[in-house]
There are 2 protein chains.
Amino acid sequence: MENLTLRQQEILGYIQLHMSQFDTWPSFREIQSHFRFKSTNAVMGHLRALETKGYISRVPGQARSFRITYDFNDDQRPEDAIDVIDIPVYGTIAAGYPDGVEPSGEIGRLQIDTKTVGVRRSRRCFALKVSGESMIDAGIYDGDIVIIEPYPPQNNDIVAALIDGETTLKRFIQEPGRAPFLKAENDHYPEFHPVTELIIQGIAKAVVRNL
Amino acid sequence: MENLTLRQQEILGYIQLHMSQFDTWPSFREIQSHFRFKSTNAVMGHLRALETKGYISRVPGQARSFRITYDFNDDQRPEDAIDVIDIPVYGTIAAGYPDGVEPSGEIGRLQIDTKTVGVRRSRRCFALKVSGESMIDAGIYDGDIVIIEPYPPQNNDIVAALIDGETTLKRFIQEPGRAPFLKAENDHYPEFHPVTELIIQGIAKAVVRNL
DNA sequence: CTTGACAGTGAACGAGTGTTTACTATACAT
DNA sequence: ATGTATAGTAAACACTCGTTCACTGTCAAG
């Protein structure tokens, strides 16, 4: 932790402590109270400094919407560290056109290392077992397990989307000047419009198939 | 996820998504806006229900001070004993017609549970990273990782076979009254005869693809 | 001496935020 | 028919919260 004054380090340390305890950023007045400041402006000064130095960022005007941006774990992670995560696998759902198959809840669990999958442990991944053939042109077959990371999609990501109460896999297309839409990877399946009526549950990060 | 209505699951899913993206709990009006409610009271109703059912908790009166309390990773069944194996991944080798690419030795490792892969721990599995397109009709693409179990093949198994010092993936065909042979899963690739000249290294048990 | 960095006091403002009250509608079970 | 659960509209209120402005004090460097 370079170029922070002692006081700034204390403030940052308290914030981290508070977040680990409460899962929320402390309010100005909570920080003020902790350090026995008489004014929230003292807090403001320190948070400004931390922001200027790149340790935190904020959404102006929103309550408790600072966040820590400095990645403290980037300095220490050895290359060969094993980081296996446990992923719930949910039941057979329609990967194709909605066809009335009911989600069957959790059917199993999968353990795999985060590097292979390309996800962060902190993002609560889940997996879906595919039913149907709407994504076969993307190499996702009936019976495959697709690992989903809850994260907003970018253009061309394969996403898990909730449509009419069912989770389905589609490719998310977001081209400039055009409303985003979802597209099957099978020429026999139609496109869906528009994305605004959908709920994106996450992006597909990996496929696991048992031969 | 039991005893949640569909709508409640959607709300919880959105909250998780928002938190993974912004590191903050969404405000009532953010949830309201996302689901196109006309009133924050609709949000309130759902959050109350989620709280009553034990999925979230809150600090009354504080902004963005709900938190998720339900531990989604805690639902492990006792009978789901974790049996994660460590698998060496070998380098890019020709999955297709021999083309002169040298095996590059171990390029990484993969940890995954035995149940997902369908192997026994006692059989020293290894994995290959596929290069080429000879098995695309079997849904094995360039760049995929294929987990191989050293075990004699049966008809129609996909096998790793050593040909002229190089490992390649093929489908093993053994029909009655006919000598066994290997066959690509791509019509543009020829068959191989005979198997007696080959060394079968193992059978393919699973494919892992990072999207 | 001046300037800048750092640290803080004091006060107030406007917007964000959670929460309440009153109500409607639908579906289902008794 | 009645009660309950679920889902939501409408409106308003009080508090939380971030932020600004004006200011003071200490210390180090030029």
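Labels below follow one simple rule: chain letters A, B, ... track the order of the sequence lines, proteins then strands, and each chain is numbered from 1.
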What's [X] touching, base or sugar-phosphate or nothing? Going by heavy atoms closer than 4.0 Å.
X       : value
B/Thr40 : base
B/Phe35 : nothing
B/Thr5  : sugar-phosphate
A/Ala63 : sugar-phosphate
B/Gly45 : nothing

Name the closest nucleotide to the [X] side chain, picking from [options].
X       : options                : answer
B/His46 : D/dG18, D/dG8, D/dA10  : D/dG8
A/Ala42 : C/dC6, C/dG8, D/dT20   : C/dG8
B/Lys53 : D/dT6, D/dA7, C/dT20   : D/dT6
B/Arg29 : D/dT19, D/dG18, D/dA12 : D/dA12
A/Arg64 : D/dT19, C/dT9, D/dC17  : D/dC17
A/Asn41 : C/dG18, C/dG10, D/dT19 : C/dG10
B/Ser39 : C/dT19, D/dA10, C/dG18 : D/dA10

(request) For D/dT19, take OP1 and OP2 only and decide whether either is under 4.0 Å from a side-chain N or O of A/Arg58. (result)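 A/Arg58 to D/dT19 OP1/OP2: side-chain N or O found under 4.0 Å.
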(message) Does C/dG8 have OP1 or OP2 under 4.0 Å away from a side-chain N or O of A/Arg7?
(response)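 It does, given that an N or O in the side chain of A/Arg7 lies less than 4.0 Å from OP1 or OP2 of C/dG8.
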In this structure, how many angstroms lie between the [atom2] atom of [N] and the [atom1] atom of [X], rounded?
X       : N      : atom1 : atom2 : result
B/Trp25 : C/dG18 : CH2   : C1'   : 13 Å
A/Leu47 : C/dG8  : CG    : P     : 12 Å
A/Arg67 : D/dG18 : CZ    : P     : 16 Å

(message) Angle between ring planes, B/Tyr14 versus B/Phe35, binned at 30° and 60°: parallel, tilted or perpendicular?
(response)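 Perpendicular.
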(message) Both conditions, 6.0 Å and 45 degrees, for the charged tip of B/Arg209 above the ring of B/Tyr141: are they met here?
(response)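 Yes, cation above the ring, under 6.0 Å and within 45°.
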